[in-house]
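Worth knowing before you read on, the calculation uses all heavy atoms, side chains too, and leaves out hydrogens, waters and symmetry mates. Chain A is the first sequence line, chain B the second, and so forth, proteins listed ahead of strands; every chain is numbered from 1.
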Protein chains: 2
Amino acid sequence: MRSDARQNRKRILDATAGLVLEVGGEPSRDAVAERAAVGIGTVYRHFPDRQSLLHATARHVLVRTIEAGESIVSDVDSADALGEYMHAAIDNGIGVVNILHPLLDDTDWPDLQARAGSLMTALIERNRRDHPDRTDLSVGDIAFATIRFGRPLAIGLPPDEDRAIAHGQLARYIDGLHSRIDTTTRTATRATTRTPPLRRPGEQTPT
Amino acid sequence: MRSDARQNRKRILDATAGLVLEVGGEPSRDAVAERAAVGIGTVYRHFPDRQSLLHATARHVLVRTIEAGESIVSDVDSADALGEYMHAAIDNGIGVVNILHPLLDDTDWPDLQARAGSLMTALIERNRRDHPDRTDLSVGDIAFATIRFGRPLAIGLPPDEDRAIAHGQLARYIDGLHSRIDTTTRTATRATTRTPPLRRPGEQTPT
DNA sequence: TCTCAAGCGGAGGCTTATGCTCCGTTTGTG
DNA sequence: CACAAACGGAGCATAAGCCTCCGCTTGAGA
(Lines give C-alpha, C1' and ligand atoms only; values in the text may rest on other atoms or scores of the structure.)
Protein backbone atom coordinates (compact mmCIF):
# COMPACT_ATOMS: atom_id res chain seq x y z
CA MET A 1 0.00 0.00 0.00
CA ARG A 2 1.37 3.34 -1.03
CA SER A 3 2.03 5.83 1.74
CA ASP A 4 -0.44 8.42 0.51
CA ALA A 5 -3.10 5.74 0.30
CA ARG A 6 -2.53 4.72 3.89
CA GLN A 7 -2.74 8.33 5.00
CA ASN A 8 -5.97 8.91 3.11
CA ARG A 9 -7.46 5.82 4.62
CA LYS A 10 -6.83 7.20 8.06
CA ARG A 11 -8.20 10.61 7.13
CA ILE A 12 -11.37 8.99 5.94
CA LEU A 13 -11.78 6.99 9.12
CA ASP A 14 -11.21 10.02 11.32
CA ALA A 15 -13.61 12.10 9.25
CA THR A 16 -16.27 9.43 9.52
CA ALA A 17 -15.83 9.13 13.26
CA GLY A 18 -16.06 12.88 13.64
CA LEU A 19 -19.19 13.14 11.58
CA VAL A 20 -20.87 10.30 13.39
CA LEU A 21 -20.21 12.03 16.69
CA GLU A 22 -21.05 15.53 15.66
CA VAL A 23 -23.93 15.03 13.29
CA GLY A 24 -25.14 11.62 14.34
CA GLY A 25 -26.23 8.54 12.47
CA GLU A 26 -24.79 7.47 9.16
CA PRO A 27 -22.94 10.20 7.36
CA SER A 28 -23.23 10.33 3.57
CA ARG A 29 -20.14 9.35 1.66
CA ASP A 30 -20.04 12.74 0.01
CA ALA A 31 -19.91 14.38 3.41
CA VAL A 32 -17.14 12.05 4.51
CA ALA A 33 -15.13 12.83 1.42
CA GLU A 34 -15.52 16.54 1.89
CA ARG A 35 -14.53 16.44 5.53
CA ALA A 36 -11.59 14.18 4.89
CA ALA A 37 -10.59 16.50 2.05
CA VAL A 38 -10.32 13.68 -0.45
CA GLY A 39 -12.29 12.93 -3.59
CA ILE A 40 -15.42 10.83 -3.50
CA GLY A 41 -13.73 8.27 -5.66
CA THR A 42 -11.09 7.77 -3.01
CA VAL A 43 -13.67 6.97 -0.40
CA TYR A 44 -15.24 4.39 -2.68
CA ARG A 45 -11.94 2.85 -3.60
CA HIS A 46 -11.01 2.29 0.02
CA PHE A 47 -14.46 1.28 1.18
CA PRO A 48 -16.58 -0.15 -1.61
CA ASP A 49 -19.78 -0.21 0.36
CA ARG A 50 -21.30 1.55 3.33
CA GLN A 51 -20.89 -1.41 5.63
CA SER A 52 -17.16 -1.65 5.16
CA LEU A 53 -16.68 2.04 5.92
CA LEU A 54 -18.71 2.00 9.11
CA HIS A 55 -17.19 -1.27 10.14
CA ALA A 56 -13.67 -0.01 9.70
CA THR A 57 -14.48 3.22 11.52
CA ALA A 58 -15.89 1.45 14.52
CA ARG A 59 -12.95 -0.89 14.65
CA HIS A 60 -10.54 2.01 14.36
CA VAL A 61 -12.05 3.72 17.38
CA LEU A 62 -12.37 0.53 19.34
CA VAL A 63 -8.76 -0.44 18.88
CA ARG A 64 -7.62 3.01 19.87
CA THR A 65 -9.72 2.89 23.01
CA ILE A 66 -8.64 -0.57 24.02
CA GLU A 67 -5.03 0.34 23.58
CA ALA A 68 -5.45 3.38 25.77
CA GLY A 69 -7.12 1.22 28.38
CA GLU A 70 -4.40 -1.40 28.33
CA SER A 71 -1.75 1.19 28.87
CA ILE A 72 -3.70 2.63 31.80
CA VAL A 73 -4.17 -0.74 33.45
CA SER A 74 -0.52 -1.48 33.22
CA ASP A 75 0.43 1.84 34.79
CA VAL A 76 1.07 0.85 38.37
CA ASP A 77 1.18 4.43 39.57
CA SER A 78 -2.41 5.21 38.73
CA ALA A 79 -4.60 5.49 41.80
CA ASP A 80 -7.84 5.17 39.89
CA ALA A 81 -7.29 3.22 36.73
CA LEU A 82 -10.97 2.57 36.19
CA GLY A 83 -11.92 6.22 36.23
CA GLU A 84 -9.01 7.14 34.05
CA TYR A 85 -10.02 4.56 31.54
CA MET A 86 -13.55 5.86 31.32
CA HIS A 87 -12.38 9.39 30.72
CA ALA A 88 -9.94 8.15 28.12
CA ALA A 89 -12.66 6.21 26.37
CA ILE A 90 -14.63 9.40 25.91
CA ASP A 91 -11.64 11.21 24.52
CA ASN A 92 -11.02 8.40 22.10
CA GLY A 93 -14.47 8.71 20.67
CA ILE A 94 -15.94 5.49 22.02
CA GLY A 95 -19.38 6.95 21.41
CA VAL A 96 -18.91 6.25 17.74
CA VAL A 97 -18.96 2.53 18.30
CA ASN A 98 -22.23 2.76 20.07
CA ILE A 99 -23.93 5.01 17.56
CA LEU A 100 -22.81 2.74 14.79
CA HIS A 101 -23.62 -0.43 16.65
CA PRO A 102 -27.06 -1.19 15.17
CA LEU A 103 -25.54 -1.02 11.71
CA LEU A 104 -22.87 -3.57 12.41
CA ASP A 105 -22.87 -7.30 12.56
CA ASP A 106 -22.68 -8.61 16.10
CA THR A 107 -20.39 -11.43 15.17
CA ASP A 108 -17.65 -9.11 14.00
CA TRP A 109 -14.37 -8.85 15.82
CA PRO A 110 -14.24 -11.87 18.09
CA ASP A 111 -10.64 -10.81 18.62
CA LEU A 112 -11.49 -7.35 19.91
CA GLN A 113 -14.31 -8.66 22.01
CA ALA A 114 -11.87 -10.90 23.80
CA ARG A 115 -9.41 -8.08 24.30
CA ALA A 116 -12.10 -5.75 25.58
CA GLY A 117 -13.29 -8.47 27.93
CA SER A 118 -9.87 -8.95 29.43
CA LEU A 119 -9.46 -5.23 29.76
CA MET A 120 -12.72 -4.81 31.64
CA THR A 121 -11.94 -7.69 33.93
CA ALA A 122 -8.54 -6.25 34.65
CA LEU A 123 -10.03 -2.83 35.36
CA ILE A 124 -12.56 -4.22 37.77
CA GLU A 125 -9.94 -6.33 39.46
CA ARG A 126 -7.68 -3.33 39.67
CA ASN A 127 -10.45 -1.18 41.06
CA ARG A 128 -11.05 -3.73 43.78
CA ARG A 129 -7.45 -3.21 44.77
CA ASP A 130 -7.57 0.61 44.59
CA HIS A 131 -10.87 0.80 46.46
CA PRO A 132 -11.22 -2.29 48.65
CA ASP A 133 -14.49 -1.10 50.16
CA ARG A 134 -16.53 -1.52 46.97
CA THR A 135 -16.43 -4.77 45.13
CA ASP A 136 -19.70 -4.96 43.27
CA LEU A 137 -18.94 -3.19 40.02
CA SER A 138 -20.09 -4.93 36.89
CA VAL A 139 -18.84 -4.76 33.35
CA GLY A 140 -22.12 -3.12 32.40
CA ASP A 141 -21.54 -0.30 34.84
CA ILE A 142 -18.39 0.52 32.96
CA ALA A 143 -19.28 -0.27 29.38
CA PHE A 144 -22.66 1.40 29.37
CA ALA A 145 -21.29 4.43 31.13
CA THR A 146 -18.56 5.00 28.56
CA ILE A 147 -21.21 4.70 25.90
CA ARG A 148 -23.57 7.12 27.59
CA PHE A 149 -20.98 9.75 28.34
CA GLY A 150 -19.14 9.23 25.09
CA ARG A 151 -22.01 10.51 22.99
CA PRO A 152 -22.43 14.19 22.35
CA LEU A 153 -24.84 15.80 24.76
CA ALA A 154 -26.34 18.02 22.11
CA ILE A 155 -25.85 18.22 18.40
CA GLY A 156 -24.80 21.78 17.81
CA LEU A 157 -22.87 22.43 21.00
CA PRO A 158 -19.21 23.20 20.34
CA PRO A 159 -17.37 19.88 20.62
CA ASP A 160 -14.96 21.12 23.26
CA GLU A 161 -17.69 22.39 25.48
CA ASP A 162 -19.64 19.23 24.94
CA ARG A 163 -16.72 17.11 25.94
CA ALA A 164 -16.08 19.20 29.03
CA ILE A 165 -19.63 18.63 30.20
CA ALA A 166 -19.29 14.93 29.52
CA HIS A 167 -16.18 14.67 31.64
CA GLY A 168 -17.79 16.58 34.47
CA GLN A 169 -20.83 14.36 34.44
CA LEU A 170 -18.76 11.23 34.19
CA ALA A 171 -16.82 12.35 37.23
CA ARG A 172 -20.11 12.59 39.15
CA TYR A 173 -21.11 9.16 37.92
CA ILE A 174 -17.84 7.68 39.10
CA ASP A 175 -18.32 9.33 42.47
CA GLY A 176 -21.68 7.65 42.52
CA LEU A 177 -20.23 4.27 41.77
CA HIS A 178 -17.87 4.77 44.64
CA SER A 179 -20.62 5.58 47.07
CA ARG A 180 -22.78 2.84 45.73
CA ILE A 181 -22.92 0.54 48.70
CA ASP A 182 -24.36 3.23 50.93
CA THR A 183 -27.23 4.00 48.62
CA THR A 184 -28.18 0.79 46.91
CA THR A 185 -31.28 0.36 49.00
CA ARG A 186 -32.58 3.81 48.37
CA THR A 187 -32.10 3.75 44.65
CA ALA A 188 -33.56 0.28 44.34
CA THR A 189 -36.67 1.56 46.05
CA ARG A 190 -36.88 4.45 43.67
CA ALA A 191 -36.76 2.10 40.73
CA THR A 192 -39.93 0.32 41.74
CA THR A 193 -41.93 3.38 42.75
CA ARG A 194 -41.27 5.21 39.54
CA THR A 195 -43.99 6.47 37.24
CA PRO A 196 -44.83 4.46 34.14
CA PRO A 197 -43.07 5.02 30.83
CA LEU A 198 -44.32 7.20 28.03
CA ARG A 199 -45.88 5.31 25.15
CA ARG A 200 -49.03 5.85 23.22
CA PRO A 201 -51.91 3.47 23.87
CA GLY A 202 -52.69 1.50 20.74
CA GLU A 203 -50.56 1.62 17.68
CA GLN A 204 -47.56 -0.45 16.82
CA THR A 205 -45.66 -0.05 13.58
CA PRO A 206 -46.30 -3.52 12.15
CA THR A 207 -44.03 -3.08 9.09
CA MET B 1 -61.97 21.49 17.41
CA ARG B 2 -63.70 18.19 16.91
CA SER B 3 -62.84 15.47 19.36
CA ASP B 4 -61.36 13.12 16.80
CA ALA B 5 -59.16 15.93 15.53
CA ARG B 6 -57.84 16.61 19.00
CA GLN B 7 -57.11 12.95 19.49
CA ASN B 8 -55.27 12.70 16.20
CA ARG B 9 -53.21 15.70 17.05
CA LYS B 10 -52.05 14.04 20.20
CA ARG B 11 -51.32 10.77 18.38
CA ILE B 12 -49.15 12.65 15.95
CA LEU B 13 -47.22 14.41 18.68
CA ASP B 14 -46.64 11.19 20.57
CA ALA B 15 -45.59 9.40 17.42
CA THR B 16 -43.14 12.15 16.60
CA ALA B 17 -41.69 12.13 20.08
CA GLY B 18 -41.31 8.37 19.96
CA LEU B 19 -39.58 8.43 16.61
CA VAL B 20 -37.23 11.17 17.63
CA LEU B 21 -36.19 9.16 20.65
CA GLU B 22 -35.97 5.78 19.02
CA VAL B 23 -34.66 6.61 15.61
CA GLY B 24 -33.04 9.96 16.23
CA GLY B 25 -33.01 13.20 14.34
CA GLU B 26 -35.89 14.53 12.30
CA PRO B 27 -38.39 11.87 11.39
CA SER B 28 -40.00 12.08 7.95
CA ARG B 29 -43.65 13.09 7.89
CA ASP B 30 -44.51 9.85 6.17
CA ALA B 31 -42.98 7.90 9.03
CA VAL B 32 -44.84 10.00 11.58
CA ALA B 33 -48.13 9.38 9.82
CA GLU B 34 -47.54 5.67 9.67
CA ARG B 35 -46.58 5.42 13.31
CA ALA B 36 -49.48 7.56 14.42
CA ALA B 37 -51.74 5.45 12.23
CA VAL B 38 -53.22 8.48 10.50
CA GLY B 39 -53.08 9.57 6.87
CA ILE B 40 -50.33 11.81 5.64
CA GLY B 41 -52.90 14.44 4.86
CA THR B 42 -53.85 14.58 8.50
CA VAL B 43 -50.31 15.30 9.54
CA TYR B 44 -50.10 18.15 7.06
CA ARG B 45 -53.44 19.57 8.04
CA HIS B 46 -52.40 19.79 11.68
CA PHE B 47 -48.84 20.86 11.06
CA PRO B 48 -48.40 22.64 7.75
CA ASP B 49 -44.62 22.65 7.88
CA ARG B 50 -41.84 20.72 9.52
CA GLN B 51 -41.03 23.46 11.96
CA SER B 52 -44.49 23.58 13.44
CA LEU B 53 -44.55 19.83 13.97
CA LEU B 54 -41.21 19.69 15.73
CA HIS B 55 -42.01 22.80 17.67
CA ALA B 56 -45.30 21.42 18.90
CA THR B 57 -43.71 18.10 19.79
CA ALA B 58 -40.99 19.69 21.86
CA ARG B 59 -43.48 21.89 23.61
CA HIS B 60 -45.75 18.94 24.29
CA VAL B 61 -42.95 17.05 26.03
CA LEU B 62 -41.71 20.10 27.83
CA VAL B 63 -45.06 20.97 29.28
CA ARG B 64 -45.61 17.42 30.41
CA THR B 65 -42.22 17.37 32.11
CA ILE B 66 -42.64 20.71 33.82
CA GLU B 67 -46.02 19.71 35.12
CA ALA B 68 -44.61 16.52 36.55
CA GLY B 69 -41.85 18.53 38.18
CA GLU B 70 -44.21 21.04 39.69
CA SER B 71 -46.30 18.33 41.22
CA ILE B 72 -43.18 16.73 42.69
CA VAL B 73 -41.92 19.97 44.20
CA SER B 74 -45.22 20.61 45.85
CA ASP B 75 -45.33 17.15 47.38
CA VAL B 76 -44.11 17.84 50.90
CA ASP B 77 -43.66 14.17 51.67
CA SER B 78 -40.96 13.59 49.12
CA ALA B 79 -37.54 13.13 50.68
CA ASP B 80 -35.64 13.70 47.49
CA ALA B 81 -37.64 15.89 45.16
CA LEU B 82 -34.70 16.68 42.96
CA GLY B 83 -33.91 13.06 42.24
CA GLU B 84 -37.51 12.25 41.66
CA TYR B 85 -37.82 15.05 39.21
CA MET B 86 -34.87 13.89 37.20
CA HIS B 87 -36.23 10.38 36.96
CA ALA B 88 -39.61 11.74 35.98
CA ALA B 89 -38.07 13.90 33.29
CA ILE B 90 -36.61 10.82 31.65
CA ASP B 91 -39.92 9.04 31.76
CA ASN B 92 -41.62 12.01 30.19
CA GLY B 93 -39.29 11.93 27.24
CA ILE B 94 -37.32 15.06 27.96
CA GLY B 95 -34.61 13.77 25.65
CA VAL B 96 -36.81 14.78 22.74
CA VAL B 97 -36.46 18.43 23.55
CA ASN B 98 -32.74 18.18 23.47
CA ILE B 99 -32.50 16.20 20.27
CA LEU B 100 -34.80 18.67 18.60
CA HIS B 101 -33.16 21.70 20.10
CA PRO B 102 -30.88 22.70 17.23
CA LEU B 103 -33.90 22.76 14.93
CA LEU B 104 -35.88 25.13 17.06
CA ASP B 105 -35.79 28.84 17.51
CA ASP B 106 -34.22 29.84 20.79
CA THR B 107 -36.64 32.64 21.33
CA ASP B 108 -39.65 30.33 21.46
CA TRP B 109 -41.60 29.83 24.63
CA PRO B 110 -40.60 32.64 26.94
CA ASP B 111 -43.48 31.39 29.06
CA LEU B 112 -42.12 27.88 29.44
CA GLN B 113 -38.63 29.12 30.02
CA ALA B 114 -39.87 31.12 32.95
CA ARG B 115 -41.77 28.19 34.34
CA ALA B 116 -38.82 25.87 33.92
CA GLY B 117 -36.61 28.43 35.61
CA SER B 118 -38.85 28.67 38.63
CA LEU B 119 -39.07 24.92 38.79
CA MET B 120 -35.32 24.48 38.80
CA THR B 121 -34.85 27.12 41.42
CA ALA B 122 -37.48 25.51 43.57
CA LEU B 123 -35.86 22.10 43.16
CA ILE B 124 -32.46 23.37 44.13
CA GLU B 125 -33.90 25.25 47.06
CA ARG B 126 -35.81 22.20 48.09
CA ASN B 127 -32.72 20.01 47.77
CA ARG B 128 -30.85 22.35 50.05
CA ARG B 129 -33.52 21.64 52.64
CA ASP B 130 -33.54 17.87 52.09
CA HIS B 131 -29.76 17.64 52.10
CA PRO B 132 -28.33 20.54 54.08
CA ASP B 133 -24.76 19.33 53.70
CA ARG B 134 -24.52 20.06 49.97
CA THR B 135 -25.47 23.44 48.67
CA ASP B 136 -23.52 23.83 45.50
CA LEU B 137 -25.79 22.33 42.89
CA SER B 138 -26.27 24.34 39.75
CA VAL B 139 -29.08 24.44 37.27
CA GLY B 140 -26.70 22.99 34.73
CA ASP B 141 -26.06 19.95 36.89
CA ILE B 142 -29.74 19.21 36.71
CA ALA B 143 -30.67 20.28 33.23
CA PHE B 144 -27.73 18.71 31.47
CA ALA B 145 -28.17 15.51 33.40
CA THR B 146 -31.80 15.10 32.43
CA ILE B 147 -30.73 15.68 28.86
CA ARG B 148 -27.90 13.18 29.01
CA PHE B 149 -29.88 10.44 30.68
CA GLY B 150 -33.05 11.17 28.78
CA ARG B 151 -31.61 10.16 25.45
CA PRO B 152 -31.60 6.56 24.39
CA LEU B 153 -28.36 4.82 25.18
CA ALA B 154 -28.40 2.87 21.95
CA ILE B 155 -30.62 3.01 18.93
CA GLY B 156 -31.91 -0.51 18.61
CA LEU B 157 -32.03 -1.49 22.25
CA PRO B 158 -35.57 -2.31 23.40
CA PRO B 159 -36.98 0.93 24.81
CA ASP B 160 -37.83 -0.59 28.17
CA GLU B 161 -34.41 -1.99 28.68
CA ASP B 162 -32.88 1.25 27.54
CA ARG B 163 -34.91 3.21 30.03
CA ALA B 164 -34.02 0.84 32.83
CA ILE B 165 -30.34 1.40 32.18
CA ALA B 166 -30.88 5.13 32.08
CA HIS B 167 -32.58 5.13 35.46
CA GLY B 168 -29.84 3.03 36.96
CA GLN B 169 -27.15 5.33 35.65
CA LEU B 170 -29.02 8.41 36.71
CA ALA B 171 -29.26 7.01 40.20
CA ARG B 172 -25.47 6.67 40.25
CA TYR B 173 -25.10 10.22 39.01
CA ILE B 174 -27.36 11.51 41.73
CA ASP B 175 -25.35 9.61 44.30
CA GLY B 176 -22.35 11.35 42.85
CA LEU B 177 -23.93 14.76 43.20
CA HIS B 178 -24.60 13.95 46.78
CA SER B 179 -21.04 12.99 47.51
CA ARG B 180 -19.76 15.91 45.53
CA ILE B 181 -18.14 17.93 48.26
CA ASP B 182 -15.88 15.08 49.29
CA THR B 183 -14.49 14.54 45.86
CA THR B 184 -14.40 17.90 44.17
CA THR B 185 -10.68 18.19 44.53
CA ARG B 186 -9.90 14.83 43.11
CA THR B 187 -12.12 15.19 40.10
CA ALA B 188 -10.93 18.70 39.42
CA THR B 189 -7.42 17.36 39.30
CA ARG B 190 -8.44 14.68 36.84
CA ALA B 191 -9.91 17.28 34.58
CA THR B 192 -6.61 19.02 34.06
CA THR B 193 -4.45 15.91 33.68
CA ARG B 194 -6.63 14.38 31.03
CA THR B 195 -5.38 13.39 27.60
CA PRO B 196 -6.08 15.67 24.66
CA PRO B 197 -9.22 15.34 22.53
CA LEU B 198 -9.52 13.39 19.34
CA ARG B 199 -9.37 15.46 16.19
CA ARG B 200 -7.47 15.02 13.01
CA PRO B 201 -4.53 17.31 12.42
CA GLY B 202 -5.16 19.39 9.33
CA GLU B 203 -8.48 19.64 7.68
CA GLN B 204 -11.38 21.86 8.54
CA THR B 205 -14.60 21.81 6.56
CA PRO B 206 -14.37 25.35 5.20
CA THR B 207 -17.45 26.31 3.10
C1' DT C 1 -82.74 11.26 12.96
C1' DC C 2 -80.75 14.14 9.67
C1' DT C 3 -77.41 17.41 7.82
C1' DC C 4 -73.21 19.13 6.66
C1' DA C 5 -69.00 21.45 8.00
C1' DA C 6 -65.05 19.58 9.82
C1' DG C 7 -62.04 16.24 9.27
C1' DC C 8 -59.91 12.13 7.11
C1' DG C 9 -56.93 9.15 3.87
C1' DG C 10 -53.58 8.33 0.66
C1' DA C 11 -52.35 8.18 -4.58
C1' DG C 12 -49.17 10.34 -7.08
C1' DG C 13 -46.24 14.04 -9.13
C1' DC C 14 -42.26 16.88 -7.87
C1' DT C 15 -37.90 17.91 -5.65
C1' DT C 16 -33.76 16.88 -3.40
C1' DA C 17 -30.28 14.04 -1.50
C1' DT C 18 -27.36 10.30 -1.93
C1' DG C 19 -25.25 6.41 -4.30
C1' DC C 20 -21.92 5.07 -7.38
C1' DT C 21 -19.20 4.69 -11.81
C1' DC C 22 -15.86 5.92 -14.91
C1' DC C 23 -11.97 7.84 -16.90
C1' DG C 24 -8.45 11.44 -17.53
C1' DT C 25 -4.83 13.24 -14.36
C1' DT C 26 -1.40 13.07 -10.69
C1' DT C 27 2.17 10.90 -7.83
C1' DG C 28 4.94 7.63 -4.98
C1' DT C 29 8.51 4.34 -5.67
C1' DG C 30 11.74 0.97 -7.59
C1' DC D 1 12.67 8.01 -15.44
C1' DA D 2 8.69 4.91 -16.11
C1' DC D 3 4.57 3.30 -14.76
C1' DA D 4 1.46 1.01 -11.62
C1' DA D 5 -0.99 2.76 -8.02
C1' DA D 6 -3.82 6.12 -6.49
C1' DC D 7 -6.45 10.29 -7.02
C1' DG D 8 -10.54 13.61 -8.09
C1' DG D 9 -14.94 14.79 -9.18
C1' DA D 10 -18.51 15.36 -13.12
C1' DG D 11 -22.65 13.39 -13.93
C1' DC D 12 -26.25 9.95 -14.38
C1' DA D 13 -29.37 6.68 -11.68
C1' DT D 14 -32.00 5.77 -7.78
C1' DA D 15 -34.18 6.43 -3.54
C1' DA D 16 -36.29 9.23 -0.01
C1' DG D 17 -39.03 12.58 1.37
C1' DC D 18 -42.26 16.57 0.43
C1' DC D 19 -46.76 18.11 -0.32
C1' DT D 20 -51.24 18.78 -2.86
C1' DC D 21 -55.65 17.62 -3.99
C1' DC D 22 -60.06 15.69 -3.86
C1' DG D 23 -63.53 12.17 -2.96
C1' DC D 24 -65.04 9.84 1.25
C1' DT D 25 -66.26 9.60 6.38
C1' DT D 26 -67.99 11.28 10.76
C1' DG D 27 -68.94 14.10 15.01
C1' DA D 28 -72.25 16.92 16.81
C1' DG D 29 -75.88 20.59 16.70
C1' DA D 30 -80.76 21.05 15.38
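Between the CG atom of B:L19 and the C1' atom of D:dA16 there is a distance of 16 Å, given to the nearest Å. We find that OH of A:Y44 is positioned 14 Å from C1' of D:dA10, with the value rounded to whole Å. One can place CZ of A:R2 at 7 Å from P of D:dC7, the figure rounded to the nearest angstrom. Rounded to whole Å, the distance from CG on A:D30 to C1' on C:dA17 is 9 Å. In this structure, B:I40 atom CD1 and C:dA11 atom P are separated by 8 Å, rounded to whole Å. Taking atom CG of residue B:D4 and atom P of nucleotide D:dT26, one finds them 10 Å apart after rounding to whole Å. Separating the CZ atom of B:R29 from the C1' atom of C:dG10 is a distance of 16 Å, rounded to the nearest angstrom. The distance from atom CD of A:E34 to atom P of D:dA10 is 12 Å, rounded to the nearest whole Å.
Taken from CD in B:E125 to CG in B:L82, the straight-line distance is 12.0 Å, to the nearest 0.5 Å.
Heavy-atom distances to DNA chain C give each of A:G41 and B:R9 a nearest nucleotide, and the one nearer the 5′ end belongs to B:R9. Taking for each of A:T42 and B:M1 the nucleotide of DNA chain D with the nearest heavy atom, the 5'-most of the two is the partner of A:T42.
Dashed line: the shortest gap from a side-chain N or O of B:N8 to OP1 or OP2 of C:dC8 is under 4.0 Å. Between D:dA16 and B:S28, no contact under 4.0 Å exists linking OP1 or OP2 to a side-chain N or O. Residue B:R45 has a polar side-chain atom (N or O) positioned under 4.0 Å from OP1 or OP2 of C:dC8. The shortest distance between the side-chain N/O atoms of A:R50 and the OP1/OP2 oxygens of C:dG19 is below 4.0 Å. Distances shorter than 4.0 Å separate none of the side-chain N or O atoms of A:H46 from OP1 or OP2 on D:dA6. A close approach under 4.0 Å does occur between a side-chain nitrogen or oxygen of A:S3 and OP1 or OP2 of C:dT29.
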side-chain hydrogen bond (donor to acceptor under 3.5 Å, both in side chains) between B:H167 and B:D91, worked out: CA-CA 9 Å; B:H167 282 295; B:D91 284 333; 2.8 Å; yes
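At least one donor-acceptor pair under 3.5 Å links the side chain of B:N92 to the backbone N or O of B:A88. In this structure a side-chain-to-backbone donor-acceptor pair under 3.5 Å is missing from B:E22 to B:P152.
A side-chain N or O of B:D14 and one of B:H60 form a donor-acceptor pair less than 3.5 Å apart.
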